[in-house]
Amino acid sequence: MKHQRKLSIEHIYNLVKPFSKLGEKLSENKSYLIGNPYKDKPYYWLITIFSPITEKELQILREVLYIPDIYATFLTDCCNGLDLFLGTLSLFGYRKNMKRIPSEAIQQPFNIVTSNIHERPRNSKNEHFFFGYYNWDGSLVYINTTDDSICLCRKDDAAPLYTWNTFESFLESEIKRICSLFNEHGEEKEPNRSTLPIG
């Protein structure tokens with residue numbers, strides 16, 4: 001197994017901190033809500049870093065789904081998934097309830113069970129653990145548990161299009177890259193340009 005430095009919610013926060021000047025809030029469930037350029041839209045946050053889950057909640061997830069240790073540690077020690085710039089990149093997590101009330105929904109990640117049980121792309125293998133997506137075209141990211149590498153694939157085909165060596169290198173480099181696509185006002189610099197890490 002590759003060595004992975006332990007990530008923290010503070011580390012993730014520091015990577016997106018420049019956008020906190022557009023506003024920030026700690027939600028009732030201790031999730032970080034960062035960057036609201038529209039003061040008349042109280043639920044319109046550019047970035048959400050969901051608060052970590054408990055070991056008990058992790059066990060509830062593991063009763064229905066295999067969770068690789070890399071991602072289990074991320075969920076309990078760092079954050080329960082995140083949402084960067086309204087879905088430009090979203091990482092899945094444990095969804096505690098299915099309510100659609102805006103204040104509830106905005107503070108919960110996409111359900112990680114869905115992508116791994118109900119909506120797996122073709123050609124996916126047992127060793128592929130899907131944990132995130134890009135809203136540009138629905139492309140997915142997964143952990144290849146045979147070597148802990150991170151792969152990007154199309155939403156309907158698990159063939160890897162791009163690979164990172166570790167989860168940490170994927171997350172840190174993608175947060176930095178995606179932040180660079182937006183200006184200081186939280187506006188996309190080139191709205192018609194792909195937000196994927198490949199051309």
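- The backbone N or O of Tyr94 lies less than 3.5 Å from a partner atom in the side chain of Asn80, making a donor-acceptor pair.
- Scanning for salt bridge (charged side-chain N to carboxylate O under 4.0 Å, His left out) contacts around Glu55 gives an empty result, with sequence neighbours left out.
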Ile175 vs Cys179, side-chain contact (heavy atoms from CB on, under 4.5 Å): CA-CA, chis, key distance, verdict: CA-CA 6 Å; Ile175 291 175; Cys179 284; 4.2 Å; yes
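- Only one option out of Val141, Leu140, Ile143 pairs with Phe130 in a side chain to side chain contact (heavy atoms under 4.5 Å, CB included); it is Leu140.
- Atom CG in Leu171 sits 6.0 Å away from atom CG in Leu91 (nearest 0.5 Å).
- The two atoms that bring Pro52 and Cys78 nearest to each other are CG-O, 3.1 Å, heavy atoms only.
- More than 12 heavy atoms of other residues, nucleotides or ligands lie within 6.0 Å of CG in Asn183, so this atom counts as buried by the packing criterion.
- Between Tyr32 and Phe50, the ring center distance fails the sub-6.0 Å criterion.
- Partners of Glu28 under the salt bridge (charged side-chain N to carboxylate O under 4.0 Å, His left out) rule, at least two apart in sequence or in another chain, do not exist in this structure.
- Taking CG from Leu15 and OG from Ser173, the interatomic distance works out to 10.5 Å, rounded to the nearest 0.5 Å.
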Intermediate values then yes/no, side-chain contact (heavy atoms from CB on, under 4.5 Å), Phe74 and Cys79: CA-CA 6 Å; Phe74 174 70; Cys79 55; 3.3 Å; yes
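- Within the 3.5 Å criterion, the main-chain N or O of Ile112 finds no donor-acceptor partner in the side chain of Arg95.
- A donor-acceptor distance shorter than 3.5 angstrom exists from the side chain of Ser27 to the backbone of Ser31, with no hydrogens or angles considered.
- When atom types are taken as modelled, the side chain of Ser124 and the backbone of Arg120 share no donor-acceptor pair closer than 3.5 angstrom.
- Aromatic ring centroids of Phe92 and Tyr71 lie 6.0 Å or more apart.
- Between Ile9 and Ser51, the closest heavy-atom pair is CD1-CA, 4.4 Å.
- Side chain of Arg122 to backbone of Asp156: a donor-acceptor contact under 3.5 angstrom is found.
- Not a single donor-acceptor pair under 3.5 Å links the side chain of Thr73 to the backbone N or O of Ile70.
- For an aromatic pair to be called close, the ring centres must be under 6.0 Å apart, and Phe110 with Tyr133 satisfies this.
- By the 6.0 Å contact criterion, CZ on Arg177 is enclosed, its count of non-hydrogen atoms from other residues, nucleotides or ligands being greater than 12.
- Lys125 places no side-chain N or O within donor-acceptor distance of the main-chain N or O of Ala158, the cut-off being under 3.5 Å.
- With rounding to the nearest 0.5 angstrom, the CG atom of Leu33 is 12.5 Å from the OG atom of Ser20.
- Judged purely by atom type and a 3.5 angstrom limit, Thr145 uses its side chain to pair as donor or acceptor with the backbone of Glu127.
- Ring centroids of Tyr38 and Tyr44 are separated by less than 6.0 Å, placing the two rings close together.
- In this structure a side-chain-to-backbone donor-acceptor pair under 3.5 Å is missing from Gln59 to Lys56.
- The cluster map of Ile, Leu, Val, Met, Phe, Trp and Tyr, joined by side-chain heavy atoms under 4.5 Å apart, puts Leu58 and Tyr66 in different clusters.
- Here the CG atom belonging to Leu65 is positioned 13.5 Å from the CD1 atom belonging to Ile60, to the nearest 0.5 angstrom.
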Working for side-chain contact (heavy atoms from CB on, under 4.5 Å), residues Leu152 and Phe170: CA-CA 10 Å; Leu152 170 75; Phe170 154 77; over 6 Å; no
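- The ring of Phe129 has its center no closer than 6.0 angstrom to the ring center of Tyr142.
- Between the OG atom in Ser194 and the OH atom in Tyr134 there is a gap of 10.0 Å [rounded to 0.5 Å].
- In this structure, Thr54 contributes its side chain and Glu57 its backbone to a donor-acceptor pair below 3.5 Å.
- A 4.5 Å side-chain heavy-atom check between Cys153 and Pro160 finds every atom pair outside the cut-off.
- Of the charged side-chain nitrogens involved, at least one lies within less than 4.0 Å of a carboxylate oxygen, so that Asp69 and Arg62 count as a salt-bridged pair.
- Between Lys21 and Glu184, at least one side-chain nitrogen of the basic residue sits less than 4.0 Å from a carboxylate oxygen of the acidic one, meeting the salt-bridge criterion.
- Note that CD of Glu24 is 12.5 Å distant from CG of Leu46, once rounded to the nearest 0.5 Å.
- Between Phe85 and Phe19, a ring centre-to-centre spacing shorter than 6.0 Å is recorded.
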Check against side-chain contact (heavy atoms from CB on, under 4.5 Å), Leu82 and Ile47: CA-CA 8 Å; Leu82 54 83; Ile47 300 163; over 6 Å; no
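- For the pairing with Ser90, the side chain to side chain donor-acceptor pair (under 3.5 Å) check across Asn135, Asp83, Thr48 returns one residue only, Asp83.
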